[in-house]
Amino acid sequence: MILNGATIKTDEETGKIIIARIMHGGAADRSGLIHVGDEVIEVNNINVEGKTPADVLTILQNSGGIITFKLVPTDGKMGQRESKVRVKAYFDYDPDNDPYIPCKEAGLAFNRGDILHIVSQDDAYWWQARKEVDKTTRAGLIPSRALQERRIIHERNQISKDTSGSESKSSCTSICSTPPGSPYPSNSSCRGPKTKKIMYDLAENDDFDRELIPTYEEVAKLFPRPGVYRPIVLIGAPGVGRNELIRLLSTKDSEKYISPVPYTTRPMRQGEVSGREYIFVSREKMEADIASGKFIEHGEFKGQLYGTSADSVKNIMNVGGVCILNPHYQAIKALRTPQLKPYIIHIKPPAFQELKMSRLTSKAISTHDETRSRGFTDDEFNEMIKSADRIEFLYGHFFDDTIINDDLDAAFDKLEKSVTRAENESIWAPAYWVQ
Ligand SMILES: Nc1ncnc2c1ncn2[C@@H]1O[C@H](COP(=O)(O)OP(=O)(O)OP(=O)(O)O)[C@@H](O)[C@H]1O
């Protein structure tokens, strides 16, 4: 329950009504007069000793105008110091749909990708946060990393146990015990029913990274370094147009925008030149180099190895070039290192009709056809869209930008702006890249 920027609860030991939290930046916080643990004795001259938080709410609902509290201060109270921690949210959160939040009105809704300023981590399960773009508002409650991790593990377990998908409703008005089967720790001061189902059947995501529990990533501003450019990583579904966009960048400034020549173990085809399309090497050599960490990313396709060497990226960066990479999306995690600090852009296809029309108009060549002699089929367009949705679901929280490749000129314009931003602006990045 939230009162002028503070929440109250019944103290489990004493049964008294006490201040549970002060919301940073709210009226209670600004007054400096109310502190966590203070006992609430009277509300509008009505004695509330022995009453419940719900009774207090009734009193408040029945009174208009100024509200007065009589409080017994707690011992040893501390001033609220704001933490400086910033995190990037890796999931969407809506307190209205969270049956476990102790007080919905005090919750802060956010979307995946939002930067949050965590102002207090005093409570192990409910942090207080503000959106970085919205510094003036009072802080709101969000699930802590520990709580969200438990929730995700619980949801995954539920899905593997039961895929039937029932959802139940609840209210959350006061302090109570944890329900059976709850993802919450038994000493959490929340209650609710079984958690609701998540939308994705992980069994269908064959390459879903089961170790990854996407909650929050601590971030800090990464400032540009003159003359040292972050590698630009273009991620996208096969055939979406990454090579075309890279070709346009290189045409614009071939000395600045440089793609390293990849290595492969596949035999050289007629017309190919080693060092131009690929650097052709034996499997033994490439496996040995992979084992000794000489590749920043590698993968196998149709029985042949492909990869990008760390040295080729370093060489481009050393001559002041912008290294442009277009690896398979599964390489994202391997590339996200403090040494490389990649700026990751997702190149997405537009909706089906737009995709089909633009590719028909440009007489686009299907990348699925080895002979490169036909256009894309409807099935290939649908597959491209499905693949893009899947990439977004699995890796969307790692993207610095997303560009829809509908009209080629417009998409290229957006790419140029994004690349310029990566060169010149300070951008939120994992905190351990910066320290
Ligand atoms: N916005 C666009 N409008 C029209 N045609 C496009 C657009 N983008 C790319 N194309 C065309 O689509 C075809 C495939 O593009 P491209 O080879 O760049 O795809 P890709 O993402 O690099 O594919 P892959 O990753 O499978 O190698 C090419 O013929 C290209 O000219």
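Quantities reported herein were computed from a predicted structural model and do not represent experimental measurements. Side chains included, hydrogens not; waters and symmetry mates left out as well; all remaining heavy atoms used. Throughout, numbering of the chain's residues begins at 1 and tracks the sequence. Just follow the structure's listing: the first ligand is 1, and inside any ligand the first atom is 1.
Relative orientation of the Tyr90 and His397 rings is tilted, given thresholds of 30° and 60° on the angle between their planes. Relative orientation of the His346 and Phe399 rings is tilted, given thresholds of 30° and 60° on the angle between their planes.
Closest to atom 17 (O) of ligand 1 among all protein heavy atoms lies Thr367 CG2, 3.7 Å. Taking atom 18 (O) of ligand 1 as the reference point, the nearest protein heavy-atom neighbour is Glu244 N, 2.7 Å. The shortest contact between atom 25 (O) of ligand 1 and any protein heavy atom is with Arg242 NH2, 3.6 Å. Among protein heavy atoms, atom 29 (O) of ligand 1 sits closest to Ile365 N, 2.9 Å. Nearest non-hydrogen protein atom to atom 3 (N) of ligand 1 is Arg359 NH1, 3.5 Å. Considering only non-hydrogen protein atoms, atom 8 (N) of ligand 1 sits nearest to Asn405 ND2, 3.0 Å.
Between Val240 and ligand 1, an N or O atom pair is found at a separation short of 3.5 Å. When only interatomic distances are considered, the shortest N/O to N/O separation between Ser362 and ligand 1 falls below 3.5 Å.
At a heavy-atom distance under 4.0 Å, atoms from both the backbone and the side chain of Asn243 approach ligand 1.
Remark: Asn326 CG to Ile345 CD1 distance equals 12.0 Å, nearest 0.5 Å. For the atom pair CG (Asn405) and CZ (Phe412), the distance works out to 11.5 Å, reported to the nearest 0.5 Å. Note: Phe110 CZ to Arg130 CZ = 15.5 Å, rounded to the nearest 0.5 Å.
In summary, the atoms of ligand 1 found under 4.0 Å from a heavy atom of Ala364, numbered by their order in the structure, are 11 (C), 12 (O), 13 (C), 29 (O). Remark: ligand 1 atoms within the under-4.0 Å shell around heavy atoms of Asp406 are 1 (N), 2 (C), 3 (N).
Atom 16 (P) of ligand 1 has its nearest heavy-atom neighbour, among Pro238, Ala237, Gly236, Gly241, in Gly241.
Screening Asp379, Asp378, Thr377 for a side chain to side chain contact (heavy atoms under 4.5 Å, CB included) with Phe381, the sole residue that qualifies is Asp378.
Val313 places a side-chain heavy atom less than 4.5 Å from the side chain of Met317.
Heavy-atom distances between Gly239 and ligand 1 reach below 4.0 Å in at least one pair. At least one heavy atom of Ser358 sits less than 4.0 Å from an atom of ligand 1.
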(message) I'd like to know whether Tyr343 forms a ring pair (Phe, Tyr, Trp, His ring centres under 6.0 Å) with Tyr229, so could you lay out the CA-CA distance, the side-chain angles of the two residues, the decisive distance to 0.1 Å, and finally the verdict.
(response) CA-CA 10 Å; Tyr343 180 86; Tyr229 300 118; over 10 Å; no
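For residues 236-263, the ring pair (Phe, Tyr, Trp, His ring centres under 6.0 Å) pairs, not counting sequence neighbours, are Tyr263-Phe295.
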